[in-house]
Amino acid sequence: MSFDLSLIVESVPMMLAGIGITLKLLVVSGLLGLMLAICLLLMRISGKWYLNIPAQIYIYIFRGTPILVQIFIIYYGLPQFDAIRESIFWPILREPTGCAILALTLNTGAYVSEILRGGVLGVGKGLMEAGSALGLSSRQKFIYITAPIATRLALPAYSNDVISLLKSTALASTITIADMTGIARTIVADTYAPYEIYMSLAVIYMIFTFGIQKLFGAIERYLGRYTKREG
Amino acid sequence: MDALIGWWDDYFWGAVIVGKVFLCSLSLMITFGLLGAMAKLSNSRIAQNLAGIYTVVFRGTPPILIILLFYFGSAITLTAIAQIIDPEIKFVDVPPFWAGTIAIAVLVGSYATETFRGAFLGVNPGSIEAARALGMSNLQTFIYVRIPEMWRLALPPFGNHMLSLIKDTALISIIGLNETMFVAKQAITVTGQPFTMYIVVGAIYLGFSTVVTVVVMGVEKFGERTTVGAL
């Protein structure tokens, strides 16, 4: 057993070639997931049982099962039905990338909606009362009071979820996508040098994670620029 | 649904393996978490730094990467060690069960480290002073005061760690553990019904997460039985 440095030098650029796919999975499913999460949040806080209960069931199912199972159900499972193979969604569902984005979106949406709900519940009662006293409608209160404060409150937890989404994108390699992990697995299959390859890939992911943390730290500081830091 | 006839027992034994992995990795995860938390809270700089590296590394890398690294890495390391003892040995086979169990335990243990650390810091200093005043030794304080107070604080996030542990067991199928995902793969090659087979896997995991959630809620109630009205 030896630790081959030249192999690392050789393979890191190869793995970095997959960074575009990893980024695409992260950004596209992150944005779509956020939209889904906002829809689910609105359903949950609507106060109508026929909106609240379906949203709750959705969140329960998607948070209670492994993301790998969700990816496999969508990629391997859905083509079992002729109706899906003939539908207009087939061009997306035929591609592994489309399936991975769909699975990651559905999954992260469930988690993020709970994070956003935590933010909404954290908004002070007094502020809402102040809004009512000023004669704001409930929609105005949501847009001008709840949403900005909830965003600020939910941001730290949201950044953690973006990081776990980044880590979930690595699972795309299980459905033949050549993201960074997929490329690494191919290299390991050829060279049989798991330490060199996987550890350097781990470092790449850590740098990625660090970057996301810094980015969200900056956003947090920007959004919190009017709030005084309390002891 | 007819396709499922004859596969239920395979799924049952797959689920038993999921349960086994869960229980083994749970006890290891608690151990790693406690060790990590104690290292972070210790006065030794070296221990603090080691624990810091541990949490940064394992919280920043995708779980699948860690499982692959543990499995393939331990295989070549053990082979190298075995060859020193007996040069005749060509290859040491590492059981995926243990490689996977240890990998997810170490991984989730890094999250538990932070949870336990926070919970230990949340222990009321007055209680510790009271224990000192009663002449308790450090070990006694730890067992009778710190642990009973900290586990109640740690429980809600710890419940989430248990859920991620149960969901991470699905990833061990990638390195060939014959759990439910693996059963589904076999069943699909025979029946050609991927959707049905993976939905069953999803349902099994949903059952596991539900049980964990209910148990955690019960334990939380139990932990609060003497603190109701306090604070």
Side-chain angles (χ1 to χ4, degrees), chain A residues 1-2 22 60-81 84 107 111 160 163-174 179-182 184-185 188-189 192-199 201-213, chain B residues 3 18 56-81 83-84 107 160 163-164 166-174 180-181 184-185 188 191-210 212-213:
Chain A
M1 201 183 94
S2 59
T22 298
Y60 169 68
I61 290 176
F62 277 86
R63 295 198 340 154
T65 51
I67 170 85
L68 187 66
V69 176
Q70 292 161 16
I71 292 176
F72 277 22
I73 287 176
I74 290 170
Y75 182 65
Y76 293 115
L78 288 183
Q80 184 182 327
F81 304 105
I84 285 179
N107 185 268
Y111 282 93
N160 283 336
I163 290 167
S164 60
L165 179 62
L166 167 70
K167 291 191 267 180
S168 302
T169 61
L171 293 176
S173 66
T174 58
D179 72 325
M180 292 197 292
T181 310
R185 289 175 73 179
V188 171
Y192 210 71
Y195 281 118
E196 290 89 336
I197 309 294
Y198 288 144
M199 280 161 85
L201 182 58
V203 172
I204 297 175
Y205 273 106
M206 269 182 262
I207 294 169
F208 229 124
T209 312
F210 184 75
I212 293 174
Q213 272 169 346
Chain B
V18 171
V56 168
V57 168
F58 285 94
R59 280 161 25 122
T61 26
I64 179 181
L65 205 56
I66 293 163
I67 291 174
L68 290 170
L69 184 63
F70 270 61
Y71 182 59
F72 292 111
S74 62
I76 63 165
T77 307
L78 290 178
T79 307
I81 293 169
Q83 275 170 347
I84 295 168
L107 170 77
N160 288 333
L163 287 177
S164 35
I166 199 88
K167 285 183 278 178
D168 283 345
T169 59
L171 297 176
I172 305 179
S173 67
I174 292 170
T180 48
M181 289 290 274
K185 217 171 266 175
I188 289 160
T191 61
Q193 297 210 352
F195 187 78
T196 327
M197 294 305 168
Y198 282 126
I199 284 286
V200 174
V201 178
I204 291 171
Y205 274 104
L206 200 58
F208 270 113
S209 343
T210 309
V212 170
T213 314

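Chain identifiers are assigned alphabetically (A, B, ...) following the order of the sequence lines, protein sequences preceding nucleic acid strands; residue numbering begins at 1 within each chain. Given the structure is predicted, the values throughout are model-derived calculations rather than measurements. Scope of the values below: all heavy atoms of this structure, side chains included, with no hydrogens, waters or symmetry mates.
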Practice prompt. Compare all side-chain heavy atoms of A:Thr169 with those of B:Pro62 and state whether any distance is below 4.5 angstrom.
Written response: no

Practice prompt. Would you check if B:Asp168 and A:Pro66 make a side-chain contact, meaning some heavy-atom pair closer than 4.5 Å?
Written response: no

Practice prompt. Sort A:Ile61 into side chain, backbone, both or neither according to what part of it lies under 4.5 angstrom from a heavy atom of chain B.
Written response: both

Practice prompt. Report the distance from atom CD of A:Gln213 to atom CZ of B:Arg59, rounding to the nearest 0.5 Å.
Written response: 8.0 Å

Discussion item. Go through it in stages, so that I can follow the logic: the residues are A:Ile73 and B:Val201, the test is side-chain contact (heavy atoms from CB on, under 4.5 Å), and I'd like the CA-CA distance, side-chain angles, deciding distance and then a yes or no.
Written reply: CA-CA 9 Å; A:Ile73 287 176; B:Val201 178; over 6 Å; no

Worksheet item: Going through the checks in order, is the side-chain contact (heavy atoms from CB on, under 4.5 Å) test met by B:Ile76 and A:Tyr195?
Response: CA-CA 9 Å; B:Ile76 63 165; A:Tyr195 281 118; 3.7 Å; yes

Item to complete: Quick one: pull up NZ in A:Lys167 and CD1 in B:Ile66 and give me the separation to the nearest 0.5 Å.
Response: 7.5 Å

Practice prompt. Supply the atom-to-atom distance B:Ile64 CD1 to A:Ser168 OG, rounded to the nearest 0.5 angstrom.
Written response: 10.5 Å

Fill in: Point-to-point distance, once rounded to the nearest 0.5 Å, from CZ of B:Phe72 to CZ of A:Arg185
7.5 Å

Worksheet item: Can A:Tyr60 and B:Thr210 be counted as having a side-chain donor-acceptor contact under 3.5 angstrom?
Response: yes

Worksheet item: In terms of heavy-atom proximity below 4.5 Å to chain A, should B:Ser173 be classed as side chain, backbone, both, or neither?
Response: side chain

Worksheet item: If you tally heavy-atom pairs under 4.5 Å against chain A, which of B:Leu163, B:Thr79, B:Ile199 wins?
Response: B:Ile199

Worksheet item: Which class fits the ring pair B:Phe195 and A:Phe81: parallel under 30°, tilted 30 to 60°, perpendicular over 60°?
Response: perpendicular

Discussion item. Within the 4.5 Å heavy-atom criterion, are A:Thr209 and B:Thr61 side-chain neighbours or not?
Written reply: no

Discussion item. Is any side-chain heavy atom of A:Met206 closer than 4.5 Å to one of B:Val57?
Written reply: yes

Practice prompt. Could you look at A:Ser173 and say if it's the side chain, the backbone, both or neither that has a heavy atom under 4.5 Å from chain B?
Written response: side chain

Worksheet item: What is the minimum heavy-atom distance between A:Gln80 and B:Gln193, and which atoms define it?
Response: OE1-C, 3.1 Å

Worksheet, complete the sentence: From the list B:Leu69, B:Leu68, B:Leu65, side chain to side chain contact (heavy atoms under 4.5 Å, CB included) partner of A:Leu201 resolves to B:Leu65

Worksheet, complete the sentence: Cut-off 4.5 Å, heavy atoms of chain A, and the answer for B:Ala184 is neither

Worksheet entry | Candidate pair B:Leu206 and A:Arg63, rule side-chain contact (heavy atoms from CB on, under 4.5 Å), full reasoning | CA-CA 9 Å; B:Leu206 200 58; A:Arg63 295 198 340 154; over 6 Å; no

Item to complete: Evaluate the side-chain contact (heavy atoms from CB on, under 4.5 Å) criterion for residues B:Met181 and A:Leu68: first the C-alpha distance (whole Å), next the side-chain angles of each, then the deciding distance (0.1 Å), finally the verdict.
Response: CA-CA 9 Å; B:Met181 289 290 274; A:Leu68 187 66; 3.7 Å; yes

Worksheet item: So which of B:Ile174, B:Thr213, B:Ile188 has the largest heavy-atom pair count under 4.5 angstrom toward chain A?
Response: B:Ile174

